[in-house]
Each structure stands twice: as structure tokens, then as C-alpha cells.
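Atoms within a ligand are numbered from 1 in the order they appear, just like the ligands themselves. The basis for the numbers below is simple: all heavy atoms, side chains too, and nothing from hydrogens, waters or symmetry mates. Values in this document were obtained by computation on a predicted structure and should not be read as measured data.
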Amino acid sequence: MLNFTVGPVMSDPEVLKIGAESSPYFRTPEFSKLMLENEQMMLRLLHAPQESRCVFLTTSGTGAMESMVMNILSDTDRVIVINGGSFGQRFADLCALHHRNYTQVPCTFGHQLKREQLKDLEDHTALLVNMHETSSGLLYDMEMISEFCKENGILLLVDAISAFLADELDIERLGAAAVITGSQKALAVQPGVSVVALAPAAVQRVEENPETCLYLSLKQALKNAERGQTPFTPAVTTLLQIHERLSSITKKGLDAEQKRIAQLAHTFRESIADLPFIAVPDDPSNAVTALRPFGGGAKEIVRILKDEYGIWVCPNGGEWADEVFRVGHIGYITDADIKCLTDALHDMKKRGLL
Ligand SMILES: *Cc1c(COP(=O)(O)O)cnc(C)c1O
């Protein structure tokens, strides 16, 4: 099956080779060295300021979102949650569950956030945003959000789970306190690990806040990471695969990887320009193209591609389930793979299925 979903995605042969081996024992100097390298490579790729730290949690991306809400935020914060889709909603749900004092800024699905929507929220202390709202494919105007946070001394916490490597992301430039990502998106290894990068302001928050959880405690994770370890048994194989990917990206250059993904997105968008789809977001991320078929029937398109052409694309959930489907551009995808998909879509048009 060709996989154009937004995760888990296809992995390169070197990563797959690692997955075929048994996991090694991990309380060893060798594994510690690898983890310390993972931390350093992540911090460099994110352009994190001096004294930043990065930890690897064995949990899906949502675990990293929850760890930020539990460990970096506290009872006294007044939190802004940008909510433009299912991942924004998840931050709102997490804030409610953990009794954070929060204000939602609702964004119409696929529409860009405007500065006016943040008016009167200057007195808040923290802002949670999914840099790329993966459900609609929208890439938020991070420059505007970053400026707003800087001007008002607001702690900026960024879910870049699907944006890391696909879109430009620079912690120092954004002035972000924390950025998270996950193993199964553009890192393109198996699912199971999420990554939390903390600038000094967030490290300080974690040190000062009371610990309210054990498994997702960033304080414990930070303490153990000083010696390249984790508090509990991690997804060892996934971490080895992350090391392989980070090393390879570091060697080729972050720019090369971002350009590769941007080029795949561009090629796909060009080759479907004549098909009866409306692009969903105002400003798309390079990671995903979210499409709205003129006549609806998104679910059926996803099914036919799977059953008749051997291609996975990503369905949407909730109220958009039959209106929108998404095509991912992350993972081990080639131009030939894209041609397979666009040929299939053109064939469906010929058959009167679009
Ligand atoms: C994939 C994703 C997540 C995490 O989802 P999990 O299923 O928990 O890994 C969170 N935020 C965004 C923006 C995502 O794309």
C-alpha cells in the first residue's frame, strides 16, 4: 500500500532495517550516548537557544500536549487556546480536564487567525497553538502570533507535531518557550515517541511547578535526560530510528529536507489543479493538502483509493468526515508515488467517480 496519510507514514530503508532488529537493553552507556546525541540534534534542528533542553517521552503526540499543559502551565496561568480544528479542540479539552483557566479563540475551519481575534487577551500569560492544524491543513501565521506573545510577555507553547521538518520552525526566532513533535509525522519512523523541546523559560516553569503526574513528569524526564536516560522503559527501537533520521537530516541539512517536502506538496498540488476539488485552508502547510470535493463524498473517495488503487489517503473526522479528505506529503514518498496517486485520481474522474 502507498501511504499518503499524515501518520504513521512510510519510512526509509535504513529506518526499516532498525525496526527489524530486537530492541537492545537500554540502561547502558551506549544508549545514553545515543540519547544525548538525539537531544543535541533536535535542539540544533529547532534552532533552540542556549541552555534549552529536549526530552523524549514514550507516548503519542497527545502525551506531549498533555505534558505541556500539566508541567509548564499552572493554576495561576491565564491561557489562550487557538482552536481551529480537532487539534486545537484537544488543547481546550486538556485545559478543561486539568482545570486551567483558559480562553478559547475559535477560528473558522481552514481560515487564518487574525490579529483582531487576539484583542483584549493581552493580559493572558500563556498561549497554546497547533502551528499546523492538521485537521484543516492550515499553517497558522506564526510570525503574528509570536509578535503578539513577545509584545505582551506571553509564554508561547507550540504543537509543531506535524510542522517540524515540513515548515520553517525556529524556536529562537519565534521566542517559543516550548515546541513539541512526534515520531510518526515528518520524522517518519514508527509511532510511540513524542519530543518536547524546552527553552530556558519553560525549563524554569517545570522546575518551579508542583509535580502533578508521574508518567508524563517533565521534571523526571529532564533529570534523567542529563545522563541520556529516561525514567521508564522507552520505545527503544523508535528512539534508535529517530537517531538514524536525525543524523541523516543533520548530514544532508535541514533545508534539504524541508525543500524535499515542500517540493512534494507543490508537485501534488500542481497535478490536481484540474480536478474538482477546493483547497480547504487559506494558508496550507507543506505537510498536508486538505481537499474538499465539489460534490462531497470524501469518505467514498478515501475508500475507493484504498480498495481499488491500493492507496491510503487520510479521512477527516467529525462534522467534516464526508466533506474533506487529506493527502500527506511527509514520509518516504517519491515523485513516482505521487504520480500513482494523481493518476488514480484522474482515472476516478474519467470513471465519473469525482
Ligand atoms: C498528529 C498530531 C498530534 C498528535 O496525535 P497523536 O495521535 O496523539 O500522536 C497532535 N497535534 C497535531 C497538530 C498533530 O498533527
Who are the residue neighbours of ligand 1 when the rule is a heavy atom under 4.0 Å from any of its atoms?
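Protein residues near ligand 1 are Ser60, Gly61, Thr62, Met65, Phe87, Arg90, His132, Thr134, Asp159, Ile161, Ser162, Gln184, Lys185.
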Sidechain N-carboxylate O distance under 4.0 Å for [X], [Y]:
X      : Y      : value
Lys251 : Glu244 : no
Arg115 : Asp141 : no
Asp322 : Arg292 : no

Tell me whether the guanidinium CZ or amine NZ of Lys185 lies under 6.0 angstrom from the six-membered ring centre of Phe87 and within 45° of its axis.
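Yes, Lys185 and Phe87 form such a contact.
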Once rounded to the nearest 0.5 Å, what's the spacing between atom CG of Leu138 and atom OG of Ser285?
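Here the rounded value is 9.0 Å.
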Could I get the full list of side-chain hydrogen bond (donor to acceptor under 3.5 Å, both in side chains) partners for Ser52, not counting sequence neighbours?
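Partners of Ser52 under the side-chain hydrogen bond (donor to acceptor under 3.5 Å, both in side chains) test: none.
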